[in-house]
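Data block below; observations after.
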There are 2 protein chains.
Amino acid sequence: MTTQRKAPDAARRNEAARRSILTAALDLAGEVGYARLSIEAIAARAGAGKQTIYRWWPSKGAVLFDALLMLAEGPTDEPADLPDTGDLEADLKTVLRATVAELNEPRYSEPMRALAIEILLDPALAADFAERLDEPMREIKRRRLRKAQRAGQIGPGVDLDVAVDLLWGPLKNRWLHREGPLTAEYADAVVETALDGLRPAAE
Amino acid sequence: MTTQRKAPDAARRNEAARRSILTAALDLAGEVGYARLSIEAIAARAGAGKQTIYRWWPSKGAVLFDALLMLAEGPTDEPADLPDTGDLEADLKTVLRATVAELNEPRYSEPMRALAIEILLDPALAADFAERLDEPMREIKRRRLRKAQRAGQIGPGVDLDVAVDLLWGPLKNRWLHREGPLTAEYADAVVETALDGLRPAAE
DNA sequence: ACTGTAATACGAGACGGTCCGTCTCGTCTA
DNA sequence: TAGACGAGACGGACCGTCTCGTATTACAGT
């Protein structure tokens, strides 16, 4: 008794169909938003049968996930490491400003928002996303902060996970909940306030 | 030509039906989660007709919103102001620990999560929520921080909106995205780190 | 290398199911 | 007597599964 009902043959997979499905998912997510995004519409737009989608992806969210991975695989791959010029504040501003720019780009932002919402609804997708993208990204951030901590630019008692939450969390919130405009100035203010703290500078 | 098709007569409203619908919504949200929460199920559970729901609420999210307001209207009403003992750090820890406790209470947390998700999908509900709950709450937080700033416990150059984001944002993120356990210790660490900043204490 | 055959992914869409939001009913109440 | 109420029928949108006939692929055996 196998748990798998069917194991589709990856060697026979139609690459053109895969690409047109992912592209259709991205386009539709950008055009109609998450609430009106349906697998039927994706299949119709892609000129694909619904079964082709269900054969290769377990859920709508998984399609979106792969679609965004395809979009991210641009010219160069692997973000590897965060910049380290020795100036922590400048480096963080560079990174967060880049994030702001990306989140203001509808081509990325709308499908990403759709994925974020789907993740809230689907624990299996959440686990997959956390393992394949979120946790690796967090480790990259943690690594940059750890170097800064060793260099004495971050206090020795600071929990680096809390530090990551403080730096990237506010941006994520503003973006997902559309709480306010996402600007480079806001990113800078977050970095400065997180680094210096709320208390006035000690004399 | 009126925009309103019908204006139901509030004076004739059945209070028992209203309460049983809101209670059913809360119970179902807690039992099956947002993904499986349907208006049909709420009506069935409440022993109400679907039309009764559609007559008084514009959307599923609006029902949840009212249900949570009903739940919050406990013994005493009006949270009014955040505590001010003069010790900003202690006061913030008190408040955030209370928030943590509330968010760990399934009776509040599950319907709240359902509402949070619905808000992401429904701009009209988002606007309503922001106006009636989120912005007033933010103003209360801002007011407490402003007092601290005047008392010299927060730097004069600090943007209080950014400060609110730094203090409450990480908690909200952990809760909504289930990124990690929501503990009093985490709340304390956020307060300490946000107040002191990431940089080592100046000598 | 060439070609025949079996396997299987593919596009298309039918199917029963759930839930949507609207619409009648007949009843009950203010 | 007007209007809210419980109940549920209705058409429509998608869901996820299934069954077609077609097209493509892997793997023979010569």
Side-chain angles (χ1 to χ4, degrees), chain A residues 2-25 27-29 31-64 66 114 117-118 121-125, chain B residues 2-25 27-29 31-64 66 114 117-118 121-125:
Chain A
T2 54
T3 35
Q4 298 275 48
R5 291 281 165 184
K6 288 181 179 179
D9 185 349
R12 285 176 172 271
R13 183 164 191 177
N14 184 337
E15 176 64 16
R18 178 182 159 273
R19 289 183 54 86
S20 70
I21 287 168
L22 297 182
T23 302
D27 291 350
L28 280 173
E31 287 171 25
V32 305
Y34 172 81
R36 277 184 258 278
L37 181 64
S38 69
I39 289 190
E40 296 217 342
I42 294 172
R45 167 77 65 107
K50 284 165 55 175
Q51 187 68 355
T52 303
I53 297 181
Y54 285 107
R55 174 149 45 229
W56 298 107
W57 291 278
S59 66
K60 183 170 64 176
V63 177
L64 271 172
D66 274 8
I117 295 172
E118 191 64 43
L121 300 172
D122 183 347
L125 180 63
Chain B
T2 53
T3 36
Q4 298 277 48
R5 291 281 165 184
K6 289 181 179 180
D9 185 348
R12 283 175 173 272
R13 185 163 190 178
N14 184 337
E15 175 64 16
R18 177 181 160 273
R19 289 184 55 86
S20 70
I21 287 168
L22 296 183
T23 303
D27 291 349
L28 280 172
E31 287 171 26
V32 304
Y34 172 82
R36 278 185 257 277
L37 181 63
S38 69
I39 290 191
E40 296 218 342
I42 294 172
R45 166 77 65 109
K50 284 164 56 174
Q51 189 65 17
T52 303
I53 297 181
Y54 285 108
R55 178 154 37 232
W56 298 108
W57 292 277
S59 66
K60 182 171 63 176
V63 177
L64 271 172
D66 274 8
I117 295 172
E118 192 64 42
L121 299 172
D122 184 346
L125 180 63

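Residue numbers start from 1 in every chain, and the chains themselves are labelled A, B, ... in the order their sequence lines are given, proteins ahead of strands.
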Go nucleotide by nucleotide along DNA chain C from the 5' end; which of B:A11 and A:S20 gets its closest nucleotide reached first? A:S20
Cationic N near anionic O, under 4.0 Å, B:K60 to B:E40: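 Salt bridge flag = no for B:E40 with B:K60.
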In whole Å, what is the span from the [atom1] atom of [X] to the [atom2] atom of [N]?
{"X": "A:E15", "N": "D:dT24", "atom1": "CD", "atom2": "P", "result": "16 Å"}
{"X": "A:D122", "N": "D:dC15", "atom1": "CG", "atom2": "C1'", "result": "15 Å"}
{"X": "A:I21", "N": "C:dG11", "atom1": "CD1", "atom2": "C1'", "result": "11 Å"}

Side chains of [X] and [Y]: does their closest heavy-atom pair fall under 4.5 Å?
{"X": "B:R18", "Y": "B:N14", "value": "no"}
{"X": "A:D66", "Y": "A:W56", "value": "no"}
{"X": "A:W57", "Y": "A:T52", "value": "no"}

Annotated protein contacts, base or backbone, on nucleotides 4-9 of chain C with a non-hydrogen cut-off under 4.0 Å, one of B, S, - each: ---BBS
Strictly distance-based, threshold 3.5 Å: is any side-chain N or O of A:T23 a donor or acceptor partner for the main-chain N or O of A:R19?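 Judged by distance alone, yes, a pair lies under 3.5 Å.
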Does a sphere of radius 6.0 Å around CZ in A:R36 hold more than 12 heavy atoms from other residues, nucleotides or ligands, not counting ones at 6.0 Å or beyond? no
Run the numbers on B:L37 and B:L64 for side chain to side chain contact (heavy atoms under 4.5 Å, CB included), then give the verdict. CA-CA 10 Å; B:L37 181 63; B:L64 271 172; 4.0 Å; yes
Please list, for nucleotides 18-21 of chain C, all pairs of protein and nucleotide N/O atoms separated by less than 3.5 Å.
from, atom 1, to, atom 2, distance (Å)
C:dC20, OP1, B:I39, N, 3.1
C:dC20, OP2, B:I39, N, 3.2
C:dC20, OP2, B:E40, N, 3.1
C:dG21, OP2, B:Y54, OH, 2.7
C:dG21, N7, B:K50, NZ, 3.1
C:dG21, O6, B:K50, NZ, 2.6

Is there a donor N/O on one and an acceptor N/O on the other, under 3.5 Å, for the side chain of B:Q51 and the base of C:dC23? yes
Step by step, work out the side chain to side chain contact (heavy atoms under 4.5 Å, CB included) result for B:R13 and B:R55. CA-CA 10 Å; B:R13 185 163 190 178; B:R55 178 154 37 232; over 6 Å; no
